[in-house]
Amino acid sequence: MKKLAGSALLFSLLGGCASTATIVPVSRAPVIPIPQGTGLGQVVGATAASLTRMFGTPVADIREGSARKLQFSNATCVLDTYLYPKGNAEPVVTYLDTRQNDGSPIDRASCVGALQIGRRK
């Protein structure tokens, strides 16, 4: 009987511990407003000169054979653009990749918009 009473007391004390849990809200990254006229359509197919006009001087310019990678970044994200020639034409962006500065994913259009906003200031 003593064991049963002791167990009941222990379970009632443990049950009280569970009710004092605190829920911590999850913080989210700030929303980046994207102005009209921005987007991936302006980047895909763009030349290096067009990219520089849109985003400023790249932080990295890597050439490998006829391919070229231009990287742009600001406090929000990093944009990697990969330019390849088609025939004898000037290389244009055929692929792009984006990430936040900490390496976590970010929507490509949001990154492009954030870089364009930073360029306008």
So, does Asn74 use its side chain to make a donor-acceptor pair with the main chain of Phe55 at under 3.5 Å? no
Any donor-acceptor pair under 3.5 Å from Thr98 side chain to Cys111 backbone: no
Using side-chain contact (heavy atoms from CB on, under 4.5 Å) as the criterion, list what pairs up with Arg68, not counting sequence neighbours. Ala48, Asp61, Arg63, Leu70, Leu83
Which heavy-atom pair separates Ser66 from Pro91 by the least distance, and what is that distance? O-CG, 4.1 Å
Which pairs with one or both residues in residues 84-105 pass salt bridge (charged side-chain N to carboxylate O under 4.0 Å, His left out), sequence neighbours excluded? Asp80-Arg99
I'd like to check Asn101 versus Thr76 (side-chain heavy atoms, cut-off strictly below 4.5 Å). Are they in contact? no
Suppose we screen for side-chain hydrogen bond (donor to acceptor under 3.5 Å, both in side chains). Which residues come up paired with Asn88, at least two apart in sequence or across chains? none
Check whether Val93 and Val112 end up in the same hydrophobic cluster, where Ile, Leu, Val, Met, Phe, Trp and Tyr are linked by side-chain heavy atoms less than 4.5 Å apart. yes
Distance (rounded to the nearest 0.5 Å) between Gln71 CD and Tyr82 OH: 8.0 Å
Test item: Gln42 and Gln116 side chains (from C-beta on) under 4.5 Å apart, heavy atoms: yes
Residues Lys69, Thr81; criterion side chain to side chain contact (heavy atoms under 4.5 Å, CB included); working and verdict: CA-CA 6 Å; Lys69 173 186 169 185; Thr81 58; 6.0 Å; no
Report the distance from atom CG of Leu115 to atom SG of Cys77, rounding to the nearest 0.5 Å. 4.0 Å
Exercise: identify the closest heavy-atom pair between Tyr84 and Thr94: CD1-OG1, 2.8 Å
Got Leu51 and Phe72 here, is their nearest side-chain heavy-atom distance under 4.5 Å? yes
